[in-house]
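One structure below.
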Amino acid sequence: MPEGHTVHRLAQAFNDQFAGKHMDASSPQGRFVDGAALLDGHKLVRAEAHGKQMFMLFSGAIWLRVHLGLYGMWRFAGDGLEKIGRRRRGPAEQEQTFPPEPRGAVRLRLLTGLHVADLSGPTACEVLSTSEKSLAMQRLGEDPLRKDSDPDKAFSKFHASRTSIALLLMRQDIVAGIGNIYRAELLFRARLEPHQPGRAITEPVWQAMWVDLSKLLKDGVKTGRILTTEKADRSRQSGALRRDDMNYVAHRAGRPCHICGNDVLSEALGGRTLYWCATCQIG
DNA sequence: GCTAAATGTTGAT
DNA sequence: TCAACCTTTAGCT
């Protein structure tokens, strides 16, 4: 269940552990048999993330585009790779044999001598040519985690729009990588009322949001989690952190705002749930 | 064991 | 604007 930070983290993992190696590719689930056949035996050259999409380059100028969507995930096994995923495995599920049996519906399995990566539930998993890959990248907006990102380009789209900032922030052709949680937390941290139009955002406010978003995303890549509150910051050393304290408003509808104590609100907006505090977010 | 919800996108209405 | 798609898992019983 990924926002941009997860995908960058995954790309990093592939670059660290799989790049330069030849892959046995298969589709245990059977829904990507043809695609897997195209990749089979090829070397992974590198992986790169742009927003929530990952592009993997294989020898022979073959690209694989993977979008995890709402429920997609990679599951790793082999030399120390279990740690890449955020979730810890219980003692009962320690794998004894390598490679392990595919768990659940595995669309694509990439296997080296030492490592295995199993992909399940992706929204998109397709083999592309170089030009098709470029085309897919062109449709994506600015990703703060990429060196080539330009906040001004995103700002000009906000500046021209009457659409609410809550909706604009989710648009991957404007800013790539933000999902429902980063949206909610970014707006809270900026104390911005979510329903105001994009054109109401001034340039300095946007610049500050961009800086904050970059920090949150980088932090997310490092930790594998979206931690946005002061309490979360403080507990980095002390350890224990309650779920309710990890974020200000995301998934906290009806619970007291960490700052003012009033109920956090939620509403359906564009098919997703928007969370915000009407008392704190008045900017 | 079952159900609902989930950090998302696409395409039809 | 809404439903379809795809799969896992948290939170119930």
Side-chain angles (χ1 to χ4, degrees), chain A residues 1-11 27-32 35 49-55 65-76 84-90 92-93 101-109 117-126 135-137 139-141 143-145 163-164 166-189 213 216-229 232 242-244 246-255 266-276:
Chain A
M1 303 124 205
E3 297 193 24
H5 68 300
T6 309
V7 182
H8 279 264
R9 198 176 158 81
L10 286 164
S27 179
Q29 172 207 43
R31 290 190 50 177
F32 192 58
H50 192 140
K52 300 171 190 168
Q53 315 224 11
M54 183 163 68
F55 299 91
R65 179 177 79 95
V66 173
H67 194 304
L68 294 175
L70 193 49
Y71 359 82
M73 65 180 292
W74 286 98
R75 198 191 303 271
F76 295 93
I84 292 169
R86 188 151 58 69
R87 267 165 247 289
R88 251 188 254 138
R89 52 174 55 202
E93 32 179 333
E101 279 298 304
R103 218 182 328 159
V106 174
R107 182 84 55 93
L108 170 65
R109 162 167 279 197
D118 283 345
L119 172 66
S120 62
T123 281
C125 172
E126 58 177 354
L135 217 69
M137 294 263 287
R139 289 192 233 108
L140 295 170
D143 177 351
L145 288 172
T163 304
S164 70
L167 285 173
L168 289 173
L169 282 175
M170 295 283 273
R171 287 210 5 212
Q172 302 302 303
D173 58 340
I174 300 179
V175 178
I178 296 179
N180 206 19
I181 294 186
Y182 278 119
R183 164 178 74 174
E185 297 301 300
L186 188 65
L187 286 171
F188 183 91
R189 287 163 62 98
L213 174 61
L216 289 177
L217 282 167
K218 273 182 204 150
D219 199 58
V221 174
K222 213 177 299 169
T223 65
R225 308 203 290 176
I226 307 181
L227 301 177
T228 54
T229 60
R242 291 182 308 163
R243 171 182 281 284
D244 196 55
M246 299 195 307
N247 302 123
Y248 284 112
V249 290
H251 288 299
R252 298 195 65 249
R255 306 193 61 75
S266 71
E267 78 179 17
L269 181 66
R272 312 301 304 284
T273 307
L274 171 68
Y275 304 90
W276 84 107

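Taking atom C1' on both nucleotides, dT1(C) is separated from dT7(B) by 22 Å, rounded to a whole Å.
Going from atom CH2 of Trp74(A) over to atom C1' of dT7(B) covers 18 Å, rounded to whole Å. Here dT9(B) presents its P atom at 12 Å from NE2 of His50(A), a figure rounded to the nearest Å. Between Tyr275(A) atom OH and dA5(B) atom C1' the separation is 9 Å, expressed in whole Å. The CE atom of Met170(A) sits 9 Å away from the C1' atom of dT7(B) (whole-angstrom rounding). Following rounding to the nearest Å, Leu227(A) (CG) and dT7(B) (C1') show an atom-to-atom distance of 13 Å. One interatomic measurement links the two molecules: CG of Leu68(A) to P of dT7(C), which rounds to 13 Å at whole-angstrom precision. Atom P of nucleotide dT10(B) and atom CZ of Arg272(A) are separated by 13 Å, given to the nearest angstrom. Distance CZ (Arg171(A)) to C1' (dT9(B)): 14 Å, rounded to an integer number of Å.
Using cut-offs of 30° and 60° for the angle between ring planes, the Phe188(A) and Tyr248(A) rings count as parallel.
Panel note: side chain Arg109(A), backbone Leu119(A); no donor-acceptor pair is recorded below 3.5 Å. Between the side chain of Glu185(A) and the backbone N or O of Asn247(A) there is no donor-acceptor pair closer than 3.5 Å.
One distance of note links CZ of Arg107(A) with CH2 of Trp74(A); it measures 11.0 Å at 0.5 Å rounding.
Here His251(A) reaches the OP1 or OP2 of dT7(B): one of its side-chain N or O atoms lies under 4.0 Å away. For dT7(B), the OP1/OP2 oxygens have no side-chain nitrogen or oxygen of Lys52(A) closer than 4.0 Å.
Taking the side chain of Ala105(A) as heavy atoms from C-beta on, and the options dT9(C), dT7(C), dG8(B), the nearest nucleotide is dT7(C).
For the pair Arg171(A) and Asp173(A), the salt-bridge criterion is met [side-chain N within less than 4.0 Å of a carboxylate O].
The residue among Arg243(A) and Gly121(A) whose nearest nucleotide of DNA chain C is located toward the 5' end is Gly121(A). Ranked by how close their nearest DNA chain C nucleotide is to the 5' end, Thr123(A) and Gly271(A) are led by Gly271(A).
Contacts of Arg31(A) with the nucleic acid, taken as non-hydrogen atoms under 4.0 Å apart, involve only primed sugar atoms and P, OP1 or OP2.
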